[in-house]
Number of protein chains: 2
Amino acid sequence: MGQNYLDVKAKFIRGFSDKTRLQILECIKNGEKTVSQIVEELQGNQSNISQHLACLKGCGIIVGRQEGKYIYYSLRNEKIKEMLELFDEVLNQVQTEVAQCDSHLY
Amino acid sequence: MGQNYLDVKAKFIRGFSDKTRLQILECIKNGEKTVSQIVEELQGNQSNISQHLACLKGCGIIVGRQEGKYIYYSLRNEKIKEMLELFDEVLNQVQTEVAQCDSHLY
DNA sequence: TAATCATATTAGTGAATACTAATATGAAAT
DNA sequence: ATTTCATATTAGTATTCACTAATATGATTA
């Protein structure tokens, strides 16, 4: 009972569609960091960050590597970074409009 | 009390993160279509599609133009199409993995 | 102007998701 | 081997979101 391609695609993109996760991605964009570094930089809650990291990992967006008791997370590859940059590029064109929109639903 | 940049960015990306909306985008990727054409091609519900169109429009992803009693929707610009293509490209690398992931949360 | 057609909006409900607090795992240091 | 430290997992709750059904708007045609 298949997730078809579009289900998977939606799930993948949903990885990027949350403020906290975007913060995490910004945080590790230029190099791997441990969970506690991320928690500290974001002034976040350890459990919450850990869950978002699991989400990002499950979505194929980041990877983790263990070294001793630390786990270092980083972007999965350069394509992900490109994607983040393209988001910014396109968003520049529409930002004001998007900020104003207040559809009752979304 | 401001949506800051990352709030807006998350909102923008959330526009892409739903199966029905991705179907709509596929449907109009190569040229504008009316609401009823989209409803028919997707075998969807008029109200539901209309709400998703409002979402996509509010997110700056599509534009609509009225002609008589019809409204034609299309991608906002070429950058959006690029973005859809980049999604596909990156997803090819991670699809299997993402499909398997079943984080209880996300 | 009444009826029809295309689309949008509203209200209500159920499902998915993000959060916090508490607990568990597993590696390292004592 | 016990404690400590880094991270993950679980449970529970509140919020957000997608869906359906019903109604409203606004343009066109009769």
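These numbers come from a predicted model, not from an experiment. Here is the naming used below: chain letters follow the sequence lines, and residue numbers restart at 1 for every chain.
- Counting to the nearest Å, the C1' atom of C:dA16 and the NZ atom of A:Lys11 are 13 Å from each other.
- OP1 or OP2 of C:dA6 has not a single side-chain nitrogen or oxygen of B:Tyr72 nearer than 4.0 Å.
- For A:Ile13 and D:dC17, the CD1 to P distance is 16 Å, given to the nearest whole Å.
- The shortest distance between the side-chain N/O atoms of B:Arg21 and the OP1/OP2 oxygens of D:dA18 is below 4.0 Å.
- Phosphate contact (OP1/OP2 of D:dC19, side-chain N/O of B:His52, threshold under 4.0 Å): present.
- The distance from atom NZ of B:Lys19 to atom P of C:dA15 is 17 Å, rounded to the nearest whole Å.
- Considering SG of A:Cys55 and CG of A:Asp18, their distance stands at 8.0 Å, rounded to 0.5 Å.
- Look at CG on A:Asn45: it is 13 Å from C1' on D:dA8, rounded to the nearest Å.
- The salt bridge (charged side-chain N to carboxylate O under 4.0 Å, His left out) analysis of residues 31-48 of chain B, with sequence neighbours excluded, yields the pairs B:Glu32-B:Arg65, B:Lys33-B:Glu41.
- Shown for residues 30-44 of chain A: residues whose heavy atoms fall under 4.0 angstrom of DNA chain D, namely A:Thr34, A:Val35, A:Ser36.
- Distance CD1 (A:Ile49) to C1' (C:dA21): 16 Å, rounded to an integer number of Å.
- Counting to the nearest Å, the P atom of D:dC5 and the CD1 atom of A:Ile71 are 18 Å from each other.
- Nucleotide C:dA8 holds its C1' atom 15 Å from the CG atom of B:Leu56, rounded to whole Å.
- Listed pair A:Asn48 / C:dT20 meets the phosphate criterion, a side-chain N or O lying under 4.0 Å from OP1 or OP2.
- Closest to the side chain of B:Tyr70, from the set D:dA8, C:dA18, C:dA6, is C:dA6.
- Within the 4.5 Å cutoff, the side chain of B:Ile61 has no heavy atoms near those of the B:Arg21 side chain.
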Inset, instruction - Indicate for each nucleotide in nucleotides 22-30 of chain C, in 5' to 3' sequence, whether protein heavy atoms under 4.0 Å reach the base (B), only the sugar-phosphate (S), or nothing (-). - result: B----SS--
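- Side-chain N/O atoms of A:Gln51 and base N/O atoms of C:dT20 include a donor-acceptor pair closer than 3.5 Å.
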Name every donor-acceptor pair, under 3.5 Å, that has one atom in a side chain of residues 83-93 of chain B and the other anywhere in the protein, sequence neighbours excluded.
residue	atom	partner	partner atom	Å
B:Asp88	OD1	A:Tyr5	OH	2.5
B:Asp88	OD1	A:Lys9	NZ	3.1
B:Glu89	OE2	A:Lys79	NZ	2.6
B:Gln93	OE1	A:Asn77	ND2	3.0

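- Atoms CZ (B:Phe16) and C1' (D:dA18) sit 19 Å apart, rounded to a whole Å.
- The one candidate from B:His52, B:Lys57, B:Arg76 that meets the side chain to side chain contact (heavy atoms under 4.5 Å, CB included) condition with B:Ile62 is B:Lys57.
- In this structure B:Lys29 satisfies the salt bridge (charged side-chain N to carboxylate O under 4.0 Å, His left out) test together with B:Glu26, sequence neighbours excluded.
- More than 12 heavy atoms of other shown residues, nucleotides or ligands fall within 6.0 angstrom of atom CD in A:Gln66.
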Legend entry - Audit row: A:Asn4, B:Lys19, side-chain contact (heavy atoms from CB on, under 4.5 Å) steps and yes/no: CA-CA 10 Å; A:Asn4 66 22; B:Lys19 183 185 186 178; 3.5 Å; yes
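- Under the rule for a side chain to side chain contact (heavy atoms under 4.5 Å, CB included), the partners of B:Ile49 that lie at least two apart in sequence or sit in another chain are B:Thr20, B:Ile24, B:Ile38, B:Val39, B:Leu42, B:Leu53.
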